[in-house]
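A short worksheet on the structure shown next.
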Amino acid sequence: MIIGNGKLITNDAENNFYDNGAVLVRGNIIEEVGNFEDLKKAYPEEEIVDVKGNVIMPGMICAHSHIYSAYARGMGVSKPTVDFFTVLENLWWALDKKLTLEDVKLNAYTTYIESIRNGVTTLIDHHAGPNSVTGSLFTIADAAKELGIRTSLCYEVSDRDGKEIALKGIKENVDFIKACQKDDNGDMIKGLFGMHASFTISDDTLYKAREAMEGVYDGYHIHVAEGIEDEYDSLKKHGKRVVERLHDFDILGERTLAVHCVHANPREIDIIKATNTNVVHNPESNMNNAVGCPPVKYMLDKGIVVGLGTDAYTNDMFESMKVANILQAHHLCDPTVGFMETINMQFKNNPIILSKYFNRPLGVIEKGAYADLITLKYDPLTPLNANSWYGHSLFGFNGGIVQDNMINGKFVMRGREILNVDTAEIMAKSRERAAKIWPQM
């Protein structure tokens, strides 16, 4: 199959850009990239997908989200949400307790559908739901397989709902990781070991988690110093800061995602760097929760791989990019900061993060990479070329203009129509179920 006749952004190491580009896809792999007319002549027997002038670019990557939070959109909460802890206790921890496995599947469907519509081809999720732990990751994976999206899943282990639930969370993570190691659906479904945050996990539970993971895997996914409360708790109970505590338990490493790191100090950032741990920035969520602005520029300058996620605030990575840019400029009172930091988080570091879990390159259009790509209906009012596409991606592109989404060599959306499921039926079921849960909040 040749997909072409549009401006082609490759995001490869040489920043190759084609005014009238095309991609040759065979199976689930990109075989060749070049000029549309040249590829048509070289491969006359190939099926042609004419994008009719639309932009062709790599699929977007979301490095951190929460499928379980889907019902929260439009929901009112009667209890106080005056600080970070009460937001957690009275909103998110109250909501996740209501979820059945059927809710989990609906949440997965709706989150993945919106993500696909917004051009996301790979999503790393961090799940919670203490009354539906067992089988929850397998349930989400089933929805991902049906829709055809690439994903990485984990369950956030925590002591906040008691030891029995914590042990169930440990088992769900390990069972899912082992299942993915046995059959990852053709490199489409991966597992990490999820933990909520230091302040909700006892030493005993951390010991049990490490013991369960011994010889299984070394990849963890955990919130780190999102709120200052996380640091205060660690200092009070353990006499050390959050990153130091996690390091002592051997949680950090090149396949670990340390999410947020808003209140990590220079000593902790040095540990993150020394252990090659990845950080994921979620700008809109940090602002909405009023937890502060993480030292993104400082971490990037240190050479830390800082990726970009949404924390489920949105399913549109273009939107997350826009806010990441202005947050850094505003926070540092420096208009020269934010632009390249954001570009690097999304288009350089998110692909680096995925390279630690998946077998072929993602986030780029180049020979040998997985065929994960999107098209955008975009009529630029200024030149769009190799020198300007960063600016267009930040100030012009948005999820609403994504037309087609190909994941692993198969279209999962054409002309903004999701192909593999009945979206109207799924959204109706989600609305019906959310209407029953909202009064309980």
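Excluded from the calculations below are hydrogen atoms, water molecules and symmetry mates; all remaining heavy atoms, backbone and side chain alike, are included. Sequential numbering from 1 along the given sequence is applied to the chain's residues.
Considering only residues two or more places apart in sequence or on other chains, Phe138 meets the ring pair (Phe, Tyr, Trp, His ring centres under 6.0 Å) condition with Phe176. The ring pair (Phe, Tyr, Trp, His ring centres under 6.0 Å) check on Phe199 picks up His196, with sequence neighbours excluded. Applying the salt bridge (Lys or Arg N to Asp or Glu O under 4.0 Å) criterion to Lys240, with sequence neighbours excluded, gives Asp248. The ring pair (Phe, Tyr, Trp, His ring centres under 6.0 Å) search around Tyr71 returns none, not counting sequence neighbours. Scored by the salt bridge (Lys or Arg N to Asp or Glu O under 4.0 Å) test, Asp230 finds no partners at all (sequence neighbours excluded).
Aromatic ring centres of Tyr217 and Phe193 lie farther apart than the 6.0 Å criterion allows. Taking the centre of each ring, Trp389 and Phe347 come in below the 6.0 Å mark.
When every heavy atom of Leu123 is checked against every heavy atom of Ser65, the shortest pair comes out as CD2-CB, 4.2 Å. Heavy atoms only, all atoms of each residue included: Gly119 and Ile374 are closest at O-CG2, 3.6 Å. What you find for Met188 and Gly148 is that their closest heavy atoms are CE-O, 3.4 Å. The two residues Ile272 and Cys261 make their nearest non-hydrogen contact at CD1-SG, 3.9 Å. Between Glu146 and Asn420, the shortest heavy-atom distance links the atoms O-CB, 3.2 Å. Nearest heavy-atom pair, Ser115 versus Ile149, reported as atom, atom and distance to 0.1 Å: CB-CD1, 4.4 Å.
With a 4.5 Å cut-off on side-chain heavy atoms, Asp12 and Glu14 count as touching. You'll find the side chain of Leu373 stays beyond 4.5 Å of the side chain of Met57, heavy atoms only. Looking at Asp142 and Lys105, their side chains come closer than 4.5 Å, going by heavy atoms from C-beta outward. By the 4.5 Å heavy-atom criterion applied to side chains, Val224 and Val243 are counted as neighbours. Using a 4.5 Å heavy-atom threshold, the side chains of Ile418 and Arg117 count as touching. Using a 4.5 Å heavy-atom cutoff, the side chains of Leu147 and Val412 are not in contact. Side-chain atoms of Ile56 and Ile365, non-hydrogen and from C-beta on, do get closer than 4.5 Å to each other. Using a 4.5 Å cut-off on side-chain heavy atoms (C-beta onward), Met1 and Leu24 make no contact.
For residues 391-404, the salt bridge (Lys or Arg N to Asp or Glu O under 4.0 Å) pairs, not counting sequence neighbours, are Asp404-Arg414. Within the structure, no pair that satisfies the salt bridge (Lys or Arg N to Asp or Glu O under 4.0 Å) test touches residues 303-330, not counting sequence neighbours. Listed by first and then second residue, the side-chain hydrogen bond (donor to acceptor under 3.5 Å, both in side chains) pairs involving residues 121-136 are His126-Glu156 (not counting sequence neighbours). For residues 349-371, no pair satisfies ring-ring contact (aromatic ring centres under 6.0 Å, His included), with sequence neighbours left out. Pairs passing the salt bridge (Lys or Arg N to Asp or Glu O under 4.0 Å) check and including a residue from residues 281-291, sequence neighbours excluded, do not occur.
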- [ ] Carefully, step by step, assess Glu172 and Lys168 under the rule salt bridge (charged side-chain N to carboxylate O under 4.0 Å, His left out).
- [x] CA-CA 6 Å; Glu172 181 70 6; Lys168 284 184 178 181; over 6 Å; no
- [ ] Give the C-alpha distance, both sets of side-chain angles, the deciding distance and a yes or no for salt bridge (charged side-chain N to carboxylate O under 4.0 Å, His left out) between Glu268 and Arg241.
- [x] CA-CA 8 Å; Glu268 291 177 287; Arg241 294 179 70 89; 2.8 Å; yes
Task: Test log, rule salt bridge (charged side-chain N to carboxylate O under 4.0 Å, His left out), inputs Lys237 and Asp203 - done: CA-CA 10 Å; Lys237 292 179 180 176; Asp203 279 356; over 6 Å; no
TODO: Go through the steps to decide whether Phe395 and Tyr390 satisfy the test side chain to side chain contact (heavy atoms under 4.5 Å, CB included), and finish with yes or no.
DONE: CA-CA 9 Å; Phe395 299 110; Tyr390 287 167; over 6 Å; no
TODO: Take Lys429 and Glu102, measure what salt bridge (charged side-chain N to carboxylate O under 4.0 Å, His left out) needs, and give me the verdict at the end.
DONE: CA-CA 10 Å; Lys429 287 182 179 179; Glu102 182 58 30; 5.6 Å; no
TODO: Could you go through the side chain to side chain donor-acceptor pair (under 3.5 Å) check for His221 and His223 one step at a time?
DONE: CA-CA 7 Å; His221 188 169; His223 300 112; over 6 Å; no
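For the 3.5 Å distance criterion, the side chains of Thr200 and Arg160 fail to qualify, holding no donor opposite an acceptor. Inspection of the Asn278 and Lys356 side chains reveals an N or O donor paired with an N or O acceptor under 3.5 Å. Asp103 and Thr100 form a side-chain donor-acceptor contact under 3.5 Å, judged by distance and modelled atom types alone. Under 3.5 Å, the side chains of Thr86 and Asp83 contain a donor-acceptor pair of N or O atoms. Inspection of the Thr205 and Asp159 side chains reveals an N or O donor paired with an N or O acceptor under 3.5 Å.
Comment: Lys297 does not engage Asp334 in a salt bridge, judged by the lack of any side-chain N to carboxylate O separation of less than 4.0 angstrom. Under 4.0 Å is where a charged nitrogen must lie from a carboxylate oxygen, and between Arg150 and Asp372 at least one such pair does.
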For residues 207-215, please give each side-chain donor-acceptor pair under 3.5 Å, one per line with the distance, not counting sequence neighbours.
from	atom 1	to	atom 2	distance (Å)
Lys208	NZ	Asp204	OD1	3.0
Lys208	NZ	Asp204	OD2	2.9
Arg210	NE	Phe249	O	2.9
Arg210	NH1	Tyr220	OH	2.9
Arg210	NH2	Asp250	OD2	3.2

Quick one: side chains of residues 72-81, donor-acceptor pairs under 3.5 Å with protein atoms, not counting sequence neighbours, listed by atom name and distance.
from	atom 1	to	atom 2	distance (Å)
Arg73	NH1	Glu114	OE2	2.7
Arg73	NH2	Glu114	OE1	2.8
Ser78	OG	Met441	O	3.3

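Looking at Lys436, Gln440, Arg433 one by one, the single match for side chain to side chain contact (heavy atoms under 4.5 Å, CB included) with Lys98 turns out to be Gln440. Just one of Val157, Ile170, Val133 meets the side chain to side chain contact (heavy atoms under 4.5 Å, CB included) condition when paired with Ile165; it is Val133.
Other residues, nucleotides and ligands place more than 12 heavy atoms under 6.0 Å from the NE2 atom of His238.
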